[in-house]
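Okay, structure first, notes after.
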Amino acid sequence: MRARCAGMLAFIVLSWTGEVLGAPVVNEFVGRPAAGEGEWIEIANAGSAPLSLAGWSIRDATGRGHRLPPGTGVEPGGFLVLAARPESLRVRYHLPDSIAVVSPEGWPVLNDHDAGPGLPADVIVLADLAGATRDSVAYFETWLSPSPGRSLERVDPGAPGDRPASWGWSLDPSGATPGRGNSLSGGGTAGDLVWMGPAEVSPRRDSGVFHYQLPGPGLLGIRLLDANGREVAVLQEPEESPARGRWVWGPGLAGPSRPGLYLLCLRWEGREGRVRRCRPVWVEP
Amino acid sequence: MGRAVSRAGILAGGTLAIAMAAGAEAGAPEKSADIGVDRGAWAACDRLDVEHGFPAAGGLWFETGLRSWEALPEAVEARLGAGIEPRRGAGVRAVWSTLTIGEGETLRDAEIGGVLRVGGGRVEVDLADTRFAGRSLRRARARALVVLDRHWIAGATVDVIPEATNWAPEVVPEVRGRGGPWLLAATIHEHLELAVGLEPRPGFTALVRYQGGAPTAGVVLCLGALQFQAEASDHPYLGRTAKVRLRWGGAR
């Protein structure tokens, strides 16, 4: 109780002085929202001290800053949700009042189509009072889930934001985890079968990160097939895997020699039985 | 694995070839080498190949088809095609297919081509464009088939992707044959793929195929100008798969 009071006091003091401690990161966002949801960005405080974000700003590739309102802050290990439509977000995800959802002055509309060949769809920049970038992520169209409303989660607040391997689609059944820990950060929890990742992979140039959730721990094998079931590459021989995890298809692994659409398939066998799941992936060798 | 499959395939193919020869000896005389007649080895080119089969030559044809995979629970591939394939000379064909995936993505593939039936052979050249998730890919495919004798047809398919500079064109040889009620198809992708059909009565063919590491079973029903083809398999990774095709037209 005493520690909590001390934390609150520190938060009030820091809010008043505008001093900043800790490490704020862009932790999750929806750049392709569901109907009526509106875009949102979650900021996580990965540091050990309360953080005042009053007067900070969020901006996109246009460079125009959108200032956060006075009193905005986030406690250590906590989350702050910036939303274009706070009320609809609260209703959709049943967010209690204890989770801070604020609306900046205006909203940096997030693009979901690449600005051009080799150019990201958009950039999310968190800037401090002086306008200096404290964290940023430049994301590409293929990083976003084609399912509207499914968020892009940072696998870990400490993961570098500019790497595709640091991001993945939310595994949460609701499609996102605003105001709480990311689904990709948790481990070992069994549940519905999930096999998600980018729609396009260039394994020789960059890593594609795929996330899975299985009925339980067991043997997991991964193959690349054509639509007729012909085996194109053995990407992982069956090996013991946890119920939830991520698999990275990078330069060290085999791949097809011709571009095109393939089926990236997993086969899992465990105490609970056997499951098979594929997802179509456009592969650029 | 691939070596084991190939050995099994060669053994099965040899056994079947002997059976076919015996069947042909005992059966009635056939005009199987005739161009445009959907009997003889040409039937093996169509009924054992739901992917790239073609109608018996003789005029206008339409076809539609669906395919699904257990491991892609919300995905369905739909196919629509039409063409004119005369008994001799040149024809045209066009096929449009879409693969709708549950997460909202759709693959679209358009294919147009020409067909030439001349002498004892058939040549098909197709140009195709595939689009998915903002990407597109053009490809060309040529397939040539030559009648070797009254029982056998041999040929090859060549796939070319102009944009894939580091990829050599893929050549897939094939041989197809018929003896009595038996149909045989063998194609060599990376591994040998075999299909065997049995037509116990005109208009009904049962088939089994070994492709992609999984056995497939199917039937082909021909009712006048209408042909219905269905296949099903249980693949180690794709799970249960099903494919149906309905075609009208061509010569019967």
Side-chain angles (χ1 to χ4, degrees), chain A residues 32 112-114 117 121 140-142 144-150 169 175 193 195-202 204 221-235 238 256-269 274-285, chain B residues 1-2 5 50-52 67 69-73 75 77 97 99-109 130-139 159-161 163-170 187 189-191 193 209-214 216 231 233-241 243:
Chain A
R32 194 173 277 159
D112 61 351
H113 292 290
D114 289 348
F140 289 79
E141 180 181 347
T142 52
L144 302 176
S145 167
S147 301
R150 188 167 294 282
W169 301 343
L193 180 62
W195 179 226
M196 293 195 301
E200 180 191 341
V201 177
S202 303
R204 289 181 189 167
I222 300 172
R223 297 278 191 280
L224 189 71
L225 308 173
D226 70 10
N228 293 305
R230 297 186 188 103
E231 187 177 287
V232 178
V234 178
L235 298 171
S257 55
R258 63 182 281 186
L261 188 75
Y262 295 89
L263 299 177
L264 185 63
C265 299
L266 67 77
R267 177 189 167 102
W268 171 89
E269 285 186 71
R274 179 188 69 181
V275 294
R276 298 169 285 198
R277 184 58 59 93
C278 298
R279 59 170 301 102
V281 178
W282 187 274
V283 184
E284 289 285 337
Chain B
M1 175 66 182
V5 170
V50 73
E51 188 180 0
H52 295 301
R67 177 158 60 159
W69 305 261
E70 182 187 14
L72 276 164
E77 184 190 64
S97 64
L99 171 59
T100 305
I101 299 156
E103 291 166 348
E105 293 285 4
T106 300
L107 176 136
R108 294 178 177 84
D109 188 274
T130 304
R131 292 173 188 272
F132 178 76
R135 292 283 176 176
S136 69
L137 186 74
R138 288 169 296 167
R139 67 179 192 279
D159 274 314
V160 178
I161 299 177
E163 294 144 26
T165 51
N166 296 326
W167 177 71
E170 185 182 41
T187 56
H189 285 268
E190 194 171 341
H191 305 302
E193 296 179 355
R209 182 207 316 278
Y210 188 84
Q211 173 185 304
T216 299
E231 289 190 1
S233 72
D234 189 7
H235 190 278
Y237 278 79
L238 293 175
R240 288 186 292 274
T241 70
K243 193 188 297 184

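Note that the structure is predicted; figures quoted are calculated from it, not measured. Values below: all heavy atoms of this structure, side chains included; hydrogens, waters and symmetry mates excluded. Lettering of chains follows the sequences in order, A, B, ..., and the numbering in each one begins at 1.
Sparse packing is recorded around CZ of B:Arg131, with 12 or fewer heavy atoms of other residues, nucleotides or ligands lying under 6.0 Å away.
When all heavy atoms of A:Pro280 and B:Leu72 are compared, the closest pair comes out as CD-CD2, 3.6 Å.
Residue contact with chain B, scored on non-hydrogen atoms closer than 4.5 Å, involves the backbone of A:Glu231 exclusively. Both the backbone and the side chain of B:Leu137 come within less than 4.5 Å of a heavy atom of chain A. With a 4.5 angstrom heavy-atom cutoff, B:Glu77 does not touch chain A via any of its atoms. The contact between B:His189 and chain A is made entirely by side chain atoms (from C-beta outward), counting heavy-atom distances below 4.5 Å. Heavy-atom distances place the side chain of B:Glu193, and not its backbone, under 4.5 Å from chain A.
Every residue two or more places apart in sequence or in another chain that forms a side chain to side chain contact (heavy atoms under 4.5 Å, CB included) with A:Asp112 is listed here: A:Arg32, A:Leu144.
With respect to the salt-bridge test (charged N to carboxylate O, under 4.0 angstrom), the residues B:Glu70 and A:Arg276 qualify. Under the 4.0 Å criterion applied to side-chain N and carboxylate O atoms, A:Asp226 and A:Arg258 are not assigned as salt-bridge partners.
Side-chain contact between A:Cys278 and B:Trp69 is absent, with no heavy atoms from C-beta onward closer than 4.5 Å.
Listed options B:Pro236, B:Ala164, B:Ser233 were ranked by heavy-atom pairs under 4.5 angstrom with chain A; first place goes to B:Pro236. Chosen from A:Ala227, A:Gly260, A:Ala199, the residue pairing most often with chain B at heavy-atom distances under 4.5 Å is A:Ala227.
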